[in-house]
*Asks:* 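Input: one structure, supplied below.
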Amino acid sequence: EYNHAMYGLIRQAGARRVLMIGLGGGTLATMLDRAGLEVVAVEIDPAIVELARSYFAMPDAIEIHVGDGARFLARETRKFDAIVLDAYSGAEMPAHLLTPAFFARVKAHLAPGGIALLNLIVFDDDDPLPHEIGSRMKTAWRNVRLLDRPEWVERNAILMAGRVKDLKRPHVLMKPRRRAKAIAAALKTMQFRPVLDRGL
């Protein structure tokens with residue numbers, strides 16, 4: 001469901017060119033490509049890229065770079081309407097992709113009016129992680145919001161920054177082949193929560 005949530009937010013924002021740091025199974029990249037968006041993805045593990053192409057039918061047309069997301073941004077000159085951070089290694093995202101310096105670099109690669117989206121695994125309602133990372137994002141952006149599923153354990157939440165003030169809770173825009181009703185129901189449970197200042 002978080003892929004559909006991110007897809008809905010990106011479409012609301014009117015993005016045309018999207019950078020993904022972290023590919024996963026390639027589901028979100030495929031959805032965006034099918035909608036006619038230009039997708040660039042950076043994935044550190046070449047085996048993940050092969051899996052996405054071979055087993056999840058990710059289109060060959062999607063531009064893929066194998067390597068570290070921070071190093072990619074250090075040499076990349078293009079700007080993007082949306083940048084998605086979903087670069088998990090096991091249960092955690094690499095620490096260097098969660099620093100104020102990295103978020104400043106992400107912001108520098110956003111086109112005017114662009115948005116940054118960060119997928120987080122949140123343990124429960126008392127988990128401080130989204131607030132800690134949200135506080136770091138606030139060093140780069142004025143507007144930072146948290147879209148979450150309160151009362152669920154070990155869930156995906158989305159931190160967003162940039163031109164996100166008017167974004168609304170997403171709903172299913174591209175009907176999936178499986179679990180369509182369950183995904184639609186899950187999106188309805190998502191709520192915007194305040195990002196509490198927890199320092200750096």
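What you see below is based on every heavy atom in this structure, not just the backbone, and it leaves out hydrogens, waters and symmetry mates. Computed from a predicted structure; not experimentally measured.
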*Asks:* Is there a path of hydrophobic side-chain contacts, each under 4.5 Å between heavy atoms, that joins Phe123 and Leu118?
*Replies:*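 In one cluster: no.
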*Asks:* Please report the interatomic distance CD(Glu1) to CE(Met6), rounded to the nearest 0.5 Å.
*Replies:*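 That separation rounds to 12.0 Å.
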*Asks:* Would you indicate whether the side-chain heavy atoms of Tyr2 and Ile121 approach each other to under 4.5 Å?
*Replies:*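 Answer no - side chains too far apart.
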*Asks:* Check the hydrophobic clustering (I, L, V, M, F, W, Y; side-chain heavy atoms under 4.5 Å; chains of links allowed) and say if Trp152 and Ile183 are grouped together.
*Replies:*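 They do not share one cluster, since no chain of ILVMFWY contacts under 4.5 Å joins Trp152 to Ile183.
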*Asks:* More than 12 heavy atoms of other residues, nucleotides or ligands under 6.0 Å from NZ of Lys188: is that the case?
*Replies:*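 At most 12 heavy atoms, drawn from other residues, nucleotides or ligands, come within 6.0 Å of this atom.
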*Asks:* Could you tell me whether Arg142 atom CZ has more than 12 heavy atoms of other residues or ligands within 6.0 Å of it?
*Replies:*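 Atom CZ in Arg142 is not packed in, count stays at 12 or less.
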*Asks:* Checking Glu151 against Asp125 for the side-chain contact (heavy atoms from CB on, under 4.5 Å) test, could you report, in this order, the C-alpha distance in whole Å, the side-chain angles of both residues, the deciding distance, and whether it holds?
*Replies:* CA-CA 6 Å; Glu151 300 182 5; Asp125 291 357; 3.8 Å; yes
*Asks:* To the nearest 0.5 Å, tell me how far Thr30 OG1 sits from Leu23 CG.
*Replies:*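 Separation between the atoms: 8.0 Å.
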*Asks:* Show, in sequence, the C-alpha distance, side-chain angles and deciding distance for Tyr88 and Leu120, and conclude whether the side-chain contact (heavy atoms from CB on, under 4.5 Å) test is met.
*Replies:* CA-CA 9 Å; Tyr88 274 86; Leu120 278 182; 3.8 Å; yes
*Asks:* Are any non-hydrogen side-chain atoms of Arg53 and Asp60 less than 4.5 angstrom apart?
*Replies:*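 With C-beta onward as the side chain, the pair touches.
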*Asks:* Let me know which of Val39, Val84, Val42 forms a side-chain contact (heavy atoms from CB on, under 4.5 Å) with Leu19.
*Replies:*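 For Leu19, the side-chain contact (heavy atoms from CB on, under 4.5 Å) test succeeds with only one of Val39, Val84, Val42, which is Val42.
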*Asks:* Linking I/L/V/M/F/W/Y whenever any side-chain heavy atoms sit under 4.5 Å apart, do Phe192 and Ile10 land together?
*Replies:*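 Same cluster: Phe192 reaches Ile10 through Ile, Leu, Val, Met, Phe, Trp or Tyr contacts under 4.5 Å.
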*Asks:* Between Leu73 and Ile21, does a side-chain contact (heavy atoms from CB on, under 4.5 Å) hold up when you go through it step by step?
*Replies:* CA-CA 10 Å; Leu73 284 182; Ile21 297 178; 4.1 Å; yes
*Asks:* Can you tell which of Met31, Arg17, Arg11 makes a side-chain contact (heavy atoms from CB on, under 4.5 Å) with Leu37?
*Replies:*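 When side-chain contact (heavy atoms from CB on, under 4.5 Å) is applied between Leu37 and each of Met31, Arg17, Arg11, only Arg11 qualifies.
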*Asks:* Using a 4.5 Å cut-off on heavy atoms from C-beta on, say whether the side chain of Leu167 contacts that of Leu147.
*Replies:*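 Answer no - side chains too far apart.
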*Asks:* Leu32 and Ile62: side-chain contact (heavy atoms from CB on, under 4.5 Å), yes or no, with the steps?
*Replies:* CA-CA 10 Å; Leu32 295 169; Ile62 293 175; over 6 Å; no
*Asks:* Using a strict 4.0 Å threshold on nitrogen-to-oxygen distance, state whether Asp166 and Arg145 make a salt bridge.
*Replies:*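 Salt bridge flag = no for Arg145 with Asp166.
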*Asks:* Is it true that atom CZ of Arg163 has more than 12 heavy atoms of other residues, nucleotides or ligands lying nearer than 6.0 Å?
*Replies:*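 Atom CZ in Arg163 is not packed in, count stays at 12 or less.
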*Asks:* Let me check something: do Leu85 and Val40 share a hydrophobic cluster, defined by ILVMFWY side-chain heavy atoms less than 4.5 Å apart, either directly or through other members?
*Replies:*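 Same cluster: Leu85 reaches Val40 through Ile, Leu, Val, Met, Phe, Trp or Tyr contacts under 4.5 Å.
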*Asks:* Say you draw a straight line from CD1 of Ile64 to CD of Glu50; how long is it, rounded to the nearest 0.5 Å?
*Replies:*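 Reported to 0.5 Å precision, the distance equals 11.5 Å.
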*Asks:* Are the side chains of His131 and Arg193 in contact, using a 4.5 Å heavy-atom criterion?
*Replies:*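 Heavy-atom side-chain distance check passes, below 4.5 Å.
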